Amino acid sequence: MTLVPARTAEYPQSPQFHDGAFHNQQVPRMPRGRESLTLWWKFLAGKRPATRPDAPLPVEVLDAAALAGAPDNRLYRIGHSSVLVKLDGGWWLTDPVLSQRASPLSWAGPRRFQPAAIAVDQLPPLRGVVLSHDHYDHLDKATIRALASRTELFVAPLGVGDRLLRWGVEPGKVRQLDWWDSLQVDGVPLTATPAQHFSGRGLRDRNRTLWASWAIRAPGLNLFFSGDSGYFPGFAEIGRRLGPFDLTLVECGAYDPMWEGVHMLPEQTVQAHLDLRGRRLLPIHNGTFDLAFHDWNEPMERVFAAARARGVDITMPRFGQAVDALSPPPAEPWWRVPGQEHDRRADDALVNAPPAAGTPR
């Protein structure tokens, strides 16, 4: 575990840091050359309307009263990758983004499909906030500042904690870890685990901070939170060293074959869960922001079909739905909102489709 002073630019103690930046274990598949030009053209030409739902998705709105008296291991998906869970008597929140946009601008950038399941001022006092990396859809400055006075501890990868310090979070509340570093907070041990992704919030800070997934253990519960990652052999290593996991929260959304090295395709999400030795899978990173070219509901449909094809126990709760992390309900297609046509032949095609590149059977 490391607490690096604010504005430190070098991390010589980290095997991941060299040549002025953090690096993945292997070079991930990302757009390069002509693909980059194609990608920018697709963005500039505009997206199809189907990348956003026609109406807000259903949300079970939470407030302080609804959370009062919640038992340990009660979990709520707030939106995107923000998950609220009660562990050993304390509340923890992952990658809190409760603003209207995942953007440095309040008037432009990806806008939420619907409000978050809970407002900042209705959250209970937090024992900890767990951060995976510094991208805008995972690290929201306004939300962090609003939580600073009501959160005991912010746990982050190397460099991300420096950002929090610059934003005014008290140094005594910030802990930042390298991969495989661990920290115990009361009865909750947390381990920063590898991921295959990248970082940066501007044009000149690419990979200046680290990205991570997290293994979080509480009495009677072993939880995995992926943050953002492409599919890579590190999931199997995490599973061997820290699994099995009772519940895996694994990203499934904002993907594309052009950048599958840093965002998994849905079939790879299922394989990552199996590599982690997970018992139940809860896909995250979908249903909130328009960040790619696929239909807004494609991640849910594809991961639902892929899990069914491989016999994986998958749960897909509505935003704000109370879930027992040890015994979550089986997935039901709640995202098939009234008025949305759904071709069940597509399910069969997905189940029988060949695996995505890089995904073993």
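Just so it is clear, the model here is predicted, and its values are computed rather than measured.
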Flag, side chain of Gln196 to backbone of Gly261, donor-acceptor distance under 3.5 Å
yes
Give a yes-or-no answer on whether the side chains of His263 and Asp256 include a donor-acceptor pair shorter than 3.5 Å.
no
Spell out, as yes or no, whether a donor-acceptor pair under 3.5 Å connects the side chain of Arg127 to the backbone of Trp92.
no
All heavy atoms of Asp137 vs all of Phe289, minimum pair found to be CB-CD1, 4.5 Å
Is there side-chain contact between Val83 and Phe225, with at least one heavy-atom pair below 4.5 Å?
no
Tell me, yes or no, whether the heavy-atom count around Gln26 atom CD, taken from other residues, nucleotides or ligands under 6.0 Å, exceeds 12.
yes
What I want to check is whether the side chains of His273 and Thr248 have a donor and an acceptor closer together than 3.5 Å.
yes
Donor-acceptor pair, Glu251 side chain versus Met264 backbone, under 3.5 Å?
yes
Nearest heavy-atom contact between Trp259 and Ala292 is CZ2-CB, 3.8 Å
Inspect the contact between Asp205 and Arg163 and indicate whether a charged nitrogen and a carboxylate oxygen are less than 4.0 angstrom apart.
yes
Taking side chain as C-beta onward, heavy atoms only, is Met300 less than 4.5 Å from Pro333?
no
Report yes or no: is the cationic atom of Arg318 (NZ for Lys, CZ for Arg) closer than 6.0 Å to the six-membered ring centre of Trp335, at no more than 45° off its axis?
no
Any Lys/Arg nitrogen of Glu301 or Arg336 sitting under 4.0 Å from an Asp/Glu carboxylate oxygen of the other?
yes
Mind running side-chain contact (heavy atoms from CB on, under 4.5 Å) on Trp296 and Phe113 for me, showing each step along the way?
CA-CA 10 Å; Trp296 69 269; Phe113 299 162; 4.1 Å; yes
Answer with yes or no whether the hydrophobic clustering places Trp179 together with Phe245; edges join I, L, V, M, F, W, Y residues whose side-chain heavy atoms lie under 4.5 Å apart.
yes
How about Ile78 and Leu98: do any of their side-chain heavy atoms sit closer than 4.5 Å?
yes
Criterion side chain to side chain donor-acceptor pair (under 3.5 Å) on Glu267 and Tyr231, from CA distance to verdict
CA-CA 10 Å; Glu267 297 75 22; Tyr231 178 74; over 6 Å; no
Quick one: do Ile238 and Phe224 satisfy side-chain contact (heavy atoms from CB on, under 4.5 Å)? Show the steps, please.
CA-CA 10 Å; Ile238 295 166; Phe224 178 80; 4.0 Å; yes
Gln114 side chain to Pro56 main-chain N or O, any donor-acceptor pair under 3.5 Å?
no
Within this structure, what is the CG-CZ distance for the pair Leu153 and Arg175, rounded to the nearest 0.5 Å?
5.5 Å
According to a hydrophobic-cluster definition based on side-chain heavy atoms being under 4.5 Å apart (Ile, Leu, Val, Met, Phe, Trp, Tyr only), do Val129 and Tyr136 belong together?
no
When you measure from the side chain of Asp63 to the backbone of Ala66, do you find a donor-acceptor pair of N or O atoms at a distance under 3.5 Å?
yes
Side-chain contact, heavy-atom cut-off 4.5 Å: Val160 with Leu210?
no
Taking 4.0 angstrom as the limit, do Arg280 and Asp313 come out as a salt bridge?
yes
Under 4.0 Å between a Lys/Arg side-chain N and an Asp/Glu carboxylate O for Glu152 and Lys173?
no
Leu281 and Val250: side-chain contact (heavy atoms from CB on, under 4.5 Å), yes or no, with the steps?
CA-CA 7 Å; Leu281 165 66; Val250 183; 3.9 Å; yes
Could you state the interatomic distance from CG (Leu177) to OG (Ser14), rounded to the nearest 0.5 Å?
11.0 Å
With side chains defined as the heavy atoms from C-beta onward, is the minimum distance between Trp214 and Thr191 less than 4.5 Å?
no
Rounded to the nearest 0.5 Å, how far apart are CH2 of Trp211 and CG of Leu158?
11.0 Å
Taking 4.0 angstrom as the limit, do Arg74 and Asp324 come out as a salt bridge?
no
Count the heavy atoms of every other residue, nucleotide or ligand shown that sit under 6.0 Å from CD of Glu170, and state whether that count exceeds 12.
no
For the backbone of Thr143 and the side chain of Asp140, can you confirm whether one donor and one acceptor N or O come within less than 3.5 Å of each other?
yes
Shortest non-hydrogen contact between Ser82 and Pro96, atoms and distance:
OG-CA, 3.5 Å
When you look at Arg279 and Asp246, which way does the salt bridge (charged side-chain N to carboxylate O under 4.0 Å, His left out) test go after all the steps?
CA-CA 5 Å; Arg279 296 193 175 100; Asp246 299 296; 2.5 Å; yes
Between Asn222 (side chain) and Leu242 (backbone), is there a donor-acceptor pair under 3.5 Å?
yes
Return yes if a side-chain donor-acceptor contact under 3.5 Å exists between Gln13 and Asp178, otherwise no.
no
Side-chain heavy atoms of Leu147 within contact of Leu93, under 4.5 Å
yes
For the residue pair Ser132 / Asp95, report whether a side-chain donor-acceptor contact shorter than 3.5 Å exists.
yes
Measure the shortest side-chain to side-chain distance between His294 and Tyr255 over non-hydrogen atoms and say whether it is less than 4.5 angstrom.
yes
Can you classify the ring geometry of His285 versus His80 as parallel (below 30°), tilted (30 to 60°) or perpendicular (above 60°)?
tilted
Donor-acceptor pair, distance only, cut-off 3.5 Å: does the side chain of Thr94 make one with the backbone of Ser81?
yes
Are the side chain of Arg150 and the backbone N or O of Leu123 linked by a donor-acceptor pair below 3.5 Å?
yes
Test log, rule side-chain contact (heavy atoms from CB on, under 4.5 Å), inputs Asp228 and Val262
CA-CA 7 Å; Asp228 280 358; Val262 292; over 6 Å; no
Identify the two heavy atoms, one from Thr269 and one from Cys252, that lie closest to each other, and give their separation to 0.1 Å.
OG1-CB, 3.7 Å
Cut-off 3.5 Å, side chains only: do Glu260 and Gln268 have a donor facing an acceptor?
yes
Between Arg101 (side chain) and Gly109 (backbone), is there a donor-acceptor pair under 3.5 Å?
yes
Between Asp134 and Arg201 (salt bridge meaning N to carboxylate O under 4.0 Å), is one present in this structure?
no
To the nearest 0.5 Å, what is the distance between CG (Leu131) and CG (Leu164)?
6.0 Å
Could you go through the side chain to side chain donor-acceptor pair (under 3.5 Å) check for Asn207 and His23 one step at a time?
CA-CA 7 Å; Asn207 294 346; His23 295 266; 5.9 Å; no
dist Arg277:CZ -> Arg241:CZ (nearest 0.5 Å) comes out at 13.5 Å
So do the side chains of Asp275 and Gln271 get within less than 4.5 Å of each other, counting heavy atoms only?
yes
Closest non-hydrogen contact found for Met316 with Pro283 is CG-CD, 3.9 Å
Working to the nearest 0.5 Å, report the span between CG of Asn73 and CG of Leu221.
4.5 Å
Exercise: do Ser226 and Ser213 side chains pair donor with acceptor under 3.5 Å:
no
Between His133 and Phe198, is the gap from one ring center to the other below 6.0 Å?
no
Please state whether the rings of Phe17 and Tyr11 are parallel, tilted or perpendicular, taking 30° and 60° as the class boundaries.
perpendicular
Between Ala195 and Ala212, the two heavy atoms sitting closest are CB-C, 4.0 Å
